Amino acid sequence: MNFENRTGEPSSVHWHGIRIDNAMDGVPELTQDAVPDGGDFQYRFVTPDAGTFWYHSHSRSWEQVARGLYGPLIVDERTPPDVDADIIVMIDDWWLEQSGELRDDFNSIFHFSHGGRLGNYAKAIVSQSAVLEGDRVRLRLINTANARVFPVDVDGVEGNLVALDGMPLKAVRPIDTIHLAPAQRADIIADVTGDIEVSFWTGQEHYPLATINAEGSNPSTRTFPIAPLPPNNVATTNGDADIHVTLKMQGGAMGGRHPGDDIWSFNGTSGLQESPWLNLQRGTVVRMTLVNDTSFPHGIHLHGHHFYEMDGEISLWPLRDTSLVDARGSRDILCVFNNPGKWLLHCHTLGHSVTGLKTWVEVA
Ligand code: C2O
Ligand code: CU
């Protein structure tokens with residue numbers, strides 16, 4: 001990928017969810033210098049996993065991503081599932097003026113210290129706007145918003161959730177409301193029963209995000225069940241960890257005092273320090289308890305790896321690259337750190353990350 005920066009300011013590209021060679025990860029503080037305006041950078045990498053990923057700016061990301069520097073990155077399975085349509089549903093929200101222009105106050109302390117820069121207008125950009133009734137479709141939902149957690153509902157289909165954050169589920173699940181933190185993805189395979197309506201619950205109403213019209217019908221209606229996607233080659237686990245660590249989030253509005261020197265902190269420090277939070281030998285299995293001691297939800301993203309969300313039965317733990325931790329909640333994750341390099345760990349509400357909610361780990 002030849003990246004030509006013509007944006008007028010320094011930038012870089014991060015390939016979110018790709019278990020990538022560290023030098024290609026696109027993080028200016030850790031893995032490369034930001035590419036100056038007018039400069040080029042050649043990203044060369046292997047995509048080890050099939051699935052739904054995305055890419056976005058990792059420089060002044062709270063502004064550059066909000067301005068649109070992102071896109072989907074789809075890696076096909078060697079034998080893709082048998083569907084009639086494969087549709088990308090890229091969800092975002094924007095904070096707009098009355099005129100429809102994007103508001104340009106990106107550095108608001110109010111937003112940074114609350115839930116981030118939530119938009120007043122939301123929409124899903126879909127790669128295909130019509131299907132046939134009876135079609136079997138794959139929908140790839142991507143939350144590209146820089147702050148909003150979307151509780152997404154999909155109507156007009158009958159089927160299953162088959163993947164999260166690009167990684168196939170071991171067993172398909174019913175489609176319920178899908179809570180997507182910033183950067184999270186979900187793949188659905190389902191049969192079309194009517195117009196497909198994608199919406200989210202605002203707390204008051206179902207806000208429409210996209211409609212994919214069902215025009216005409218597909219006589220070759222499939223009846224066989226929806227099977228799990230073929231697994232990617234990620235290190236498996238018996239659930240045992242070599243070390244157990246806690247990562248505590250503090251700060252923000254309505255949060256009380258904390259020892260960090262910015263709005264947010266992880267384990268008492270704000271932002272990237274000289275040395276990594278964890279120094280790990282390659283292959284170390286880490287159990288991490290993510291403790292959210294704040295009044296806001298945070299979607300915590302680890303670069304270069306997928307990890308298990310320790311949720312329910314071990315055999316069903318989903319692999320994710322971003323984990324949503326509710327306000328005042330906590331969650332345990334288990335990660336086999338087998339990708340060498342310097343990896344960022346941060347909140348994907350990008351205004352939180354820039355005001356302290358980030359750290360890094362090094363895998364030797
Ligand atoms: Cu999606 Cu550090 O990024
Ligand atoms: Cu956050």
Side-chain angles (χ1 to χ4, degrees), residues 16-19 48-53 75 77-83 136 138-143 149-154 157-181 183-191 224-247 283-292 297-302 304-326 329-339 348:
H16 185 115
I18 305 291
R19 297 186 300 134
D49 305 309
T52 303
F53 304 96
V75 183
E77 290 79 14
R78 281 181 202 282
T79 316
D82 178 24
V83 294
R136 180 161 284 187
R138 178 177 189 164
L139 301 177
R140 301 172 184 266
L141 312 180
I142 309 175
N143 181 358
V149 178
F150 286 95
V152 181
D153 287 304
V154 182
V157 293
E158 245 166 58
N160 294 109
L161 186 65
V162 296
L164 290 170
D165 292 356
M167 291 293 177
L169 298 172
K170 281 186 209 126
V172 302
R173 296 183 188 171
I175 307 170
D176 218 332
T177 299
I178 305 167
H179 291 264
L180 285 184
Q184 288 187 321
R185 289 90 65 211
D187 285 42
I188 287 169
I189 295 182
D191 296 327
F224 53 87
I226 290 156
L229 295 170
N232 287 317
N233 187 19
V234 183
T236 52
T237 177
N238 60 7
D240 294 341
D242 298 318
I243 59 170
H244 185 174
V245 292
T246 297
L247 188 66
T284 308
V285 184
V286 178
R287 177 178 183 146
M288 205 181 283
T289 302
L290 306 173
V291 178
N292 183 350
H298 304 286
I300 303 300
H301 172 47
L302 172 65
H305 298 79
H306 273 68
F307 50 78
Y308 294 91
E309 263 184 354
M310 303 176 81
D311 207 9
E313 244 181 89
I314 176 169
S315 61
L316 296 177
W317 289 350
L319 276 162
R320 305 211 69 142
D321 59 45
T322 305
S323 186
L324 176 59
V325 191
D326 291 333
S330 78
R331 180 193 300 287
D332 278 25
I333 63 173
L334 191 85
C335 184
V336 182
F337 280 91
N338 55 8
N339 195 357
H348 223 287

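Only a predicted model underlies this, so the values are computations on that prediction, with no experimental measurement involved.
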What closest approach, in Å, do [X] and [Y] show between heavy atoms, and which atom pair accounts for it?
X      : Y      : answer
Pro297 : Leu324 : CB-CD1, 4.1 Å
Arg19  : Pro48  : O-CG, 3.5 Å
Gly159 : Ile226 : CA-CD1, 3.8 Å
Pro230 : Pro168 : O-CG, 3.3 Å

How far does [atom1] of [X] sit from [atom2] of [Y], to the nearest 0.5 angstrom?
X      : Y      : atom1 : atom2 : value
Leu247 : Met288 : CG    : CE    : 6.5 Å
Asp332 : Leu290 : CG    : CG    : 7.5 Å
Phe307 : Asp165 : CZ    : CG    : 7.0 Å
Arg287 : Ile333 : CZ    : CD1   : 11.0 Å
Asn238 : Ile314 : CG    : CD1   : 6.5 Å
Asp187 : Thr52  : CG    : OG1   : 3.5 Å

For Phe53 and His306, take the angle between the two ring planes, folded into 0 to 90°, and tell me which bin it lands in: parallel under 30, tilted 30 to 60, perpendicular over 60.
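The arrangement is perpendicular - the two ring planes meet at more than 60°.
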Do [X] and [Y] have side chains that get closer than 4.5 Å, going by heavy atoms?
X      : Y      : answer
Ile188 : Val162 : no
Leu319 : Tyr308 : yes
His16  : Thr322 : yes
Asp240 : Val285 : no
Val286 : Asp242 : no
Ile178 : Leu141 : yes
Arg138 : Pro81  : yes
Leu302 : Cys335 : yes

Main-chain N/O of [Y] paired to [X] side chain as donor or acceptor, under 3.5 Å:
X      : Y      : answer
Asn339 : Gly304 : yes
Asp49  : Asn232 : no
Asn143 : Gln184 : no

Take Val245 and Thr289, measure what side chain to side chain contact (heavy atoms under 4.5 Å, CB included) needs, and give me the verdict at the end.
CA-CA 6 Å; Val245 292; Thr289 302; over 6 Å; no
Before we go on, tell me: are the rings of His348 and His298 under 6.0 Å apart, centre to centre?
no
Salt bridge or not between Arg136 and Asp82? Use side-chain N to carboxylate O under 4.0 Å.
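Looking at Asp82 together with Arg136, the answer is no, because their closest N to O distance does not fall below 4.0 Å.
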Does this structure show an ion pair linking Arg185 with Asp321, if we count only N-O contacts that are shorter than 4.0 Å?
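A salt bridge is present here (some side-chain N lies under 4.0 Å from a carboxylate O).
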Residues which pass salt bridge (charged side-chain N to carboxylate O under 4.0 Å, His left out) with Arg331, listed by chain and number, not counting sequence neighbours:
Glu309, Asp311
Once salt bridge (charged side-chain N to carboxylate O under 4.0 Å, His left out) is applied, do any residues pair with Asp153, and if so which ones, sequence neighbours excluded?
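Residues passing salt bridge (charged side-chain N to carboxylate O under 4.0 Å, His left out) with Asp153: none at all.
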Above 12 or not: heavy atoms from other molecules or residues under 6.0 Å from CD of Glu77?
yes
